[in-house]
Chemist: 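Can you read through this structure? Questions will come right after.
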Amino acid sequence: MSDSPLAQTVAALQPRARTELAELVAFKSVADPAQFPRSECEAAAEWVAGALRGDGFQDVALLDTPDGTQSVYGFLPGPAGAPTVLLYAHYDVQPPLDEAAWISPPFELTERDGRWYGRGAADCKGGLIMHLTALRALREHGGVPVNVKVIVEGSEEQGTGGLERYAEAHPELLTADAIVIGDTGNFRVGLPTVTATLRGMTLVRVQVDTLEGNLHSGQFGGAAPDALAALIRILDSLRAEDGSTTVNGLAADASWEGLEYAEEDFRKDAKVLDGVGLVGSGSIADRVWARPAVTVLGIDCPPVIGATPSVQAGARALVSLRVPPGTDALEATKLLTAHLESAAPWGARVAVEQVGQGQAFRADTDSPAYASMAAALREAYDGEEMQIAGMGGSIPLCNTLAGLYPDAEMLLIGLSEPEAQIHAVNESVSPRELERLSLAEAVFLRRFAASGR
């Protein structure tokens, strides 16, 4: 990494970054009151607001968004006539899943083998710390050269669209010349990467009912229609024999042009067990960045322990469908709903409820801001050239911001490289990546201000 005075300052700020990340990780800020108290998210939002005020931000506010959560906003004025840059992160996190499977407590930042472990360490509490570190370093070297707006979302992981709807109702709030989304990650540790595409998503609950109540499987089994068996049939219809996603009417044959993802690397990153094959066709990049992907996230049915010999009267599943750029998420939802309804066997009653949705996104990588970011990443990563990749996940806010501010240049960077294992147990962040990306962002802000945008 560069040994410039700015780089030295970023390095000197790392102990503070770790302390603050530990404080943030300690909040169990899952934006679902059915799993964790709402007070955990409220406390995390207050922490973020306090950090912004402590760093000199003005107009700091907790924004009550339509989905019942809070996003945090702040404005840091720069020199007269300077461009404005919006920095984004989110403080809400995925639930920890099986806490017993964590090597260390999920809400206690723990250092191990050169990484910092904890839920949200990379996705995306670490993204906020990256922004703060970059700004603090700049203040020690002549000041922040741009106007800065920071928005920290409180429900990104839930996909409930609160901040999107708030931004649409208050379009003046987040106007900017450039937008840095700190919620993606390098293709690999040490390989500086910007994300050019995001898949959109739709999330639906499907309820299947066949009987007025459960029946004894010995007395009625063999003729009584089993709702759980019907649900299994329906869900199985969403995949072809090779595992490819097959939603009737939904295109699934696009190809990715750009950085490729070696199958051996993917197997290692995904921790695929020996002897287990991958699903789908085409290259790995085709499958995870350019084509739709369906996932059954959960099923409501009796657990094995305590199960009774019953034919099930009803069963329910939560189904996620990721859709690539060029596919409208609303249309994909209609196609998915029609497919689920039409696949029901035995006349089973099917009800589909949409619970989340976000559009896919494609960035303009030829914009001047990308030239500034390429130079900044090259400096922070010792001459490594910036790579452009896709990401299979979704950040619904990106399309909202692109629609509201079509002239703004949008860049996606972050700490969620493959070793981070975001959304899984034992999520972690590389402190080295946090340091280098904080420096890159600081250099980018300098270069963007100098570009005369």
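Residue indices begin at 1 and follow the sequence shown. Both backbone and side-chain heavy atoms feed into the values below; hydrogens, waters and symmetry mates do not.
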Chemist: Can we call the ring centroids of F187 and Y261 under 6.0 Å apart?
Modeler: yes

Chemist: Where do L132 and A51 come nearest, in terms of heavy atoms and distance?
Modeler: CD1-CB, 4.2 Å

Chemist: Of all the heavy-atom pairs spanning L128 and A89, show the shortest one and how long it is.
Modeler: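 Between these two residues, the closest heavy atoms are N-CB, 3.7 Å.
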
Chemist: If every non-hydrogen atom of P145 is compared with every non-hydrogen atom of L445, which pair is closest and at what distance?
Modeler: CG-O, 3.7 Å

Chemist: Quickly, which of R199, Q357, R322 forms a side-chain hydrogen bond (donor to acceptor under 3.5 Å, both in side chains) with S394? Name it, please.
Modeler: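 Running side-chain hydrogen bond (donor to acceptor under 3.5 Å, both in side chains) over R199, Q357, R322 with S394 returns exactly one hit, R322.
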
Chemist: Rounded to the nearest 0.5 Å, how far does CG of L377 lie from CZ of F444?
Modeler: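 If we round to the nearest 0.5 Å, F444:CZ and L377:CG are 10.0 Å apart.
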
Chemist: Determine, stepwise, if the pair R165 / T65 fulfils side-chain hydrogen bond (donor to acceptor under 3.5 Å, both in side chains).
Modeler: CA-CA 8 Å; R165 297 199 297 276; T65 56; over 6 Å; no

Chemist: Salt bridge or not between R188 and D269? Use side-chain N to carboxylate O under 4.0 Å.
Modeler: yes

Chemist: Measure from NZ or CZ of R18 to the centre of the six-membered ring of W116, then state whether that distance is under 6.0 Å and the direction lies within 45° of the axis.
Modeler: yes

Chemist: If you measure only the distance, is there a donor-acceptor pair under 3.5 Å linking the side chains of N186 and Y381?
Modeler: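 Yes, Y381 and N186 have a side-chain donor paired with an acceptor closer than 3.5 Å.
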
Chemist: Can you list every salt bridge (charged side-chain N to carboxylate O under 4.0 Å, His left out) pair that touches residues 32-53, not counting sequence neighbours?
Modeler: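 For residues 32-53, and leaving out neighbouring residues, there are no salt bridge (charged side-chain N to carboxylate O under 4.0 Å, His left out) pairs at all.
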
Chemist: Find the distance between CG (L404) and CG (D407) and round it off to the nearest 0.5 Å.
Modeler: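 So the gap between those two atoms works out to 12.5 Å.
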
Chemist: Is the shortest distance from a Lys or Arg side-chain nitrogen in E433 or R436 to a carboxylate oxygen in the other one below 4.0 Å?
Modeler: yes

Chemist: Would you please say whether a donor-acceptor pair under 3.5 Å links the side chains of Q8 and D3?
Modeler: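 Side-chain D/A pair, Q8 to D3: absent.
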
Chemist: Can you confirm whether the side chains of D364 and S367 place a donor and an acceptor under 3.5 Å from each other?
Modeler: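 Per modelled atom types, D364 and S367 side chains form no pair under 3.5 Å.
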
Chemist: Which atom pair, heavy atoms only, marks the closest approach of P396 to E156?
Modeler: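 Scanning both residues completely, I find the closest heavy atoms to be CD-OE2, 4.3 Å.
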
Chemist: Can you tell me how far apart CD1 (I388) and CD (E385) are? Round to the nearest 0.5 Å.
Modeler: 11.0 Å

Chemist: For the pair Y88 and H90, name the ring-plane relationship: parallel under 30°, tilted 30 to 60°, perpendicular over 60°.
Modeler: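 Ring orientation of Y88 relative to H90: tilted.
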
Chemist: Taking the side chain as everything from C-beta on, heavy atoms only, tell me whether S451 gets closer than 4.5 Å to P368.
Modeler: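 A side-chain contact under 4.5 Å is absent here.
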
Chemist: Drop me the distance from L330's CG to T202's OG1, to the nearest 0.5 angstrom.
Modeler: 8.5 Å

Chemist: I need the single residue from V443, V10, V144, T133 that forms a side chain to side chain contact (heavy atoms under 4.5 Å, CB included) with L138. Which is it?
Modeler: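 With L138 as partner, side chain to side chain contact (heavy atoms under 4.5 Å, CB included) holds for just one option, V144.
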
Chemist: What I want to check is whether the side chains of Q35 and K28 have a donor and an acceptor closer together than 3.5 Å.
Modeler: no

Chemist: Could you check whether any side-chain heavy atom of L321 comes within less than 4.5 Å of a side-chain heavy atom of M201, counting everything from C-beta outward?
Modeler: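 Heavy-atom side-chain distance check fails, nothing below 4.5 Å.
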
Chemist: Atom CD in E20, atom CG in L109: separation rounded to 0.5 Å?
Modeler: 12.0 Å

Chemist: So do I151 and V72 actually touch side chain to side chain, heavy atoms under 4.5 Å?
Modeler: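 No. Closest side-chain heavy atoms not under 4.5 Å.
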
Chemist: According to salt bridge (charged side-chain N to carboxylate O under 4.0 Å, His left out), does anything in residues 113-130 pair up with another residue at least two apart or in another chain? List the pairs.
Modeler: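 Only R115-E417, R115-E419, R119-E427 qualify under salt bridge (charged side-chain N to carboxylate O under 4.0 Å, His left out).
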
Chemist: Who pairs with D55 by salt bridge (charged side-chain N to carboxylate O under 4.0 Å, His left out), at least two apart in sequence or on another chain?
Modeler: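 For D55, the residues satisfying salt bridge (charged side-chain N to carboxylate O under 4.0 Å, His left out) (neighbours in sequence not counted) are R16, R136, R139.
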
Chemist: Using 0.5 Å steps for rounding, measure from the CG atom of L203 to the CG atom of L318.
Modeler: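 CG of L318 is found 4.5 Å from CG of L203.
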
Chemist: Would you indicate whether E264, at its atom CD, is surrounded by more than 12 heavy atoms from other residues, nucleotides or ligands within a distance under 6.0 Å?
Modeler: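 No, the 6.0 Å shell around CD holds no more than 12 heavy atoms from other groups.
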
Chemist: Where is the tightest heavy-atom contact between I179 and Y405, given as atom of each residue plus distance?
Modeler: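 Reported closest heavy-atom pair: CD1-CD1, 4.3 Å.
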
Chemist: Please determine, by modelled atom types, if T400 and E164 share a side-chain donor-acceptor pair under 3.5 angstrom.
Modeler: no

Chemist: Apply the test side chain to side chain contact (heavy atoms under 4.5 Å, CB included) to residues T175 and L86: give CA-CA distance (whole Å), side-chain angles for both, the deciding distance (0.1 Å), then the verdict.
Modeler: CA-CA 8 Å; T175 55; L86 174 67; over 6 Å; no

Chemist: With side chain to side chain contact (heavy atoms under 4.5 Å, CB included) as the criterion, how do I395 and L412 come out once you've worked through the C-alpha distance, each side chain's angles and the decisive distance to 0.1 Å?
Modeler: CA-CA 10 Å; I395 306 175; L412 290 83; 4.2 Å; yes

Chemist: Tell me the closest heavy-atom pair linking A363 and Y370, and the distance in Å.
Modeler: CB-OH, 3.3 Å

Chemist: Determine whether more than 12 heavy atoms belonging to other residues, nucleotides or ligands lie under 6.0 Å from atom CD of E257.
Modeler: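 It does not: E257 CD has 12 such atoms or fewer within range.
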
Chemist: With distance as the sole criterion, is a donor-acceptor pair present between the side chains of Q359 and D328 under 3.5 Å?
Modeler: yes

Chemist: Apply side-chain hydrogen bond (donor to acceptor under 3.5 Å, both in side chains) to residues E435 and Q14 and explain how you reach the verdict.
Modeler: CA-CA 7 Å; E435 181 179 347; Q14 291 309 292; 5.2 Å; no

Chemist: Please determine, by modelled atom types, if R291 and T245 share a side-chain donor-acceptor pair under 3.5 angstrom.
Modeler: no

